[in-house]
Amino acid sequence: MRTKQNALPAAYYRGGTSRAVFFKQENLPQDRKEWASIFRGVIGSPDPYGRQLDGLGGGISSLSKICVVGKSTHPDADVDYTFVSLGIKNTDVDYSSNCGNMISAVGPFAVDSQLFSLTEDADEIESVRVRIHNTNTGKIIHSSFPVIDGEAASTGDFSIDGVAGKAARIRLDFIDPAGSVTGKLLPTGSTTDTIDGVVVTCLDAGNPCVFVEAAALGVNADLTPEEMAAHPTLLSRLDAIRRQGGVKMGIASTVDTVPGSIPKICLVGEPSVGGARATEHGQDCTRVDVLARALSVGQPHKAVPITVALALAAAARVAGSVVSGVVGDKKKVDEAGLTIGHASGNLLVGADFDEYGSLTSATVFRTARRLFEGTIFWKNEISQ
């Protein structure tokens with residue numbers, strides 16, 4: 001039996017080191033139960049070959065994403081933003097976390113799609129600030145960026161590691177990011193916990209994260225993603241620790257029900273000259289404050305999830321944490337924040353605490369670009 005393909009208006013954006021399909025919420029069914037099959041068809045999941053060739057996914061977690069943007073339901077925001085992470089070989093459609101990379105494209109999409117209204121003199125406006133309500137976490141993020149003739153600027157002189165070329169700079173201010181899912185900066189009530197004989201720090205800022213020192217697992221913190229994937233036991237050990245951390249943080253009641261997307265888990269280590277490898281990205285003690293290698297939905301991340309970077313910057317300021325133990329009290333490479341050496345380069349992240357020790361905000365700079373907009377087509381089911 002022949003059937004027509006389904007179609008909806010959509011756009012495709014790069015945000016930071018990720019890409020995602022964007023929908024206006026008004027164009028999707030009101031019943032959110034109908035979203036999952038649409039999103040799987042659009043991205044091309046599940047795909048037993050792991051390539052998502054029959055959709056717009058790219059076979060890795062940073063390309064298997066959907067963003068839904070609509071009118072704000074929060075008094076302190078201009079738009080609502082819902083992030084959706086999709087499994088590649090399975091049918092998972094996960095709403096449990098935020099994506100710091102893709103949120104860099106939410107403001108530009110809101111302007112380009114006219115969900116965020118400029119003034120009547122739009123052609124004369126040079127920059128805007130879009131206040132974003134992330135519905136996954138309930139948190140507010142301010143996105144500030146230049147505009148040209150009423151559209152989000154794509155050209156500029158700012159670059160980020162992991163993305164070729166230069167583009168317009170986007171400033172992201174995560175307001176009161178602590179307790180994004182659990183309600184607490186330290187969800188277990190402790191600065192450190194011991195899981196499987198390894199000391200970890202469980203911290204929730206931007207997204208819940210579990211931090212473990214690479215040396216505690218007998219590996220270097222400067223591993224490439226390929227080396228991490230090829231290690232015979234590392235990924236399974238990290239996922240086991242992550243799942244147990246998720247239970248300790250109250251995200252799920254059993255390890256089997258912990259979502260694939262949260263908590264994130266991240267290896268950290270101290271950069272050194274002659275110790276850990278000084279990579280081609282200059283990740284030695286003169287260029288970065290800490291080395292970090294993160295997993296995203298079970299895969300080694302090619303760079304670093306922005307929410308992990310935010311949590312890392314916060315953890316570095318928490319005395320006694322695994323991260324602060326690695327960073328130490330040495331002078332920072334850049335006093336504006338923590339410089340993180342990740343798998344594709346370096347990233348500067350700032351975290352601000354008030355006089356009472358509460359995390360008030362975190363700031364990161366990214367780039368984004370509209371790649372296409374128009375009509376997207378999908379089939380109801382992906383043949384197995």
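This one's a predicted model, so the numbers in the text were calculated from it and none came from an experiment.
- The structure places OG of Ser236 at 9.5 Å from NE2 of His231, a figure rounded to the nearest 0.5 Å.
- Remark: of the listed residues Asn98, Thr135, Asn136, Asn134, Thr135 is the sole one forming a side chain to side chain donor-acceptor pair (under 3.5 Å) with Thr82.
- Taken to the nearest 0.5 Å, the CD1 atom of Ile306 stands 12.0 Å off from the CZ atom of Phe365.
- The neighbour count for Arg370 CZ, taken as heavy atoms of other residues, nucleotides or ligands under 6.0 Å away, is above 12.
- Surrounding CG of Asp354 are more than 12 heavy atoms belonging to other residues, nucleotides or ligands, all under 6.0 Å away.
- Screening Val308, Ile265, Leu267 for a side-chain contact (heavy atoms from CB on, under 4.5 Å) with Leu295, the sole residue that qualifies is Ile265.
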Side chain to side chain donor-acceptor pair (under 3.5 Å) assessment of Asp80 paired with Thr73 | CA-CA 7 Å; Asp80 276 3; Thr73 59; 2.7 Å; yes
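- Ring planes of His133 and His74: tilted class, angle from 30 to 60°.
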Criterion side-chain contact (heavy atoms from CB on, under 4.5 Å) on Thr339 and Arg287, from CA distance to verdict | CA-CA 8 Å; Thr339 303; Arg287 300 286 297 277; over 6 Å; no
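- Distance check, rounded to the nearest 0.5 Å: CD1 of Ile140 to CG of Asp78 gives 9.0 Å.
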Side chain to side chain donor-acceptor pair (under 3.5 Å) between Lys264 and Thr307: does it pass, once the steps are laid out?
-> CA-CA 9 Å; Lys264 306 292 187 185; Thr307 51; 5.6 Å; no
Carefully, step by step, assess Thr191 and Leu186 under the rule side-chain contact (heavy atoms from CB on, under 4.5 Å).
-> CA-CA 7 Å; Thr191 304; Leu186 298 171; 4.2 Å; yes
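- Between the CG atom of Leu348 and the CD atom of Glu335 there is a distance of 10.5 Å, given to the nearest 0.5 Å.
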Please assess Val68 against Trp35 for the test side-chain contact (heavy atoms from CB on, under 4.5 Å), listing each intermediate value before the final yes or no.
-> CA-CA 10 Å; Val68 180; Trp35 288 11; 4.0 Å; yes
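- Lys330 NZ: more than 12 foreign heavy atoms inside a 6.0 Å radius.
- Between the side chain of Arg40 and the backbone N or O of Thr91, at least one donor-acceptor pair lies under 3.5 Å.
- Residues Asp256 and Thr254 bring no donor and acceptor atom of their side chains to less than 3.5 Å of each other.
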List the steps, then state whether side-chain contact (heavy atoms from CB on, under 4.5 Å) holds for Phe211 with Val290.
-> CA-CA 12 Å; Phe211 294 104; Val290 61; over 6 Å; no
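- Looking at Asp94, its side chain never comes within 3.5 Å of a backbone N or O of Gly87 through a donor-acceptor pair.
- Looking at Asp54 and Lys379, a side-chain N of the basic residue comes within less than 4.0 Å of a carboxylate O on the acidic one, giving a salt bridge.
- Atom CD of Gln114 sits in a sparse spot, with 12 or fewer heavy atoms from other residues, nucleotides or ligands closer than 6.0 Å.
- Separation of atoms OG1 (Thr17) and CG (Asn101) is listed at 3.5 Å; rounding is to 0.5 Å.
- The number of heavy-atom neighbours closer than 6.0 Å to NZ of Lys332, taken from other residues, nucleotides and ligands shown, is above 12.
- Considering Thr182, Asp204, Asp193 as possible partners of Thr188, the one that fulfils the side chain to side chain donor-acceptor pair (under 3.5 Å) test is Asp193.
- Taken from OG1 in Thr375 to CG in Leu8, the straight-line distance is 8.5 Å, to the nearest 0.5 Å.
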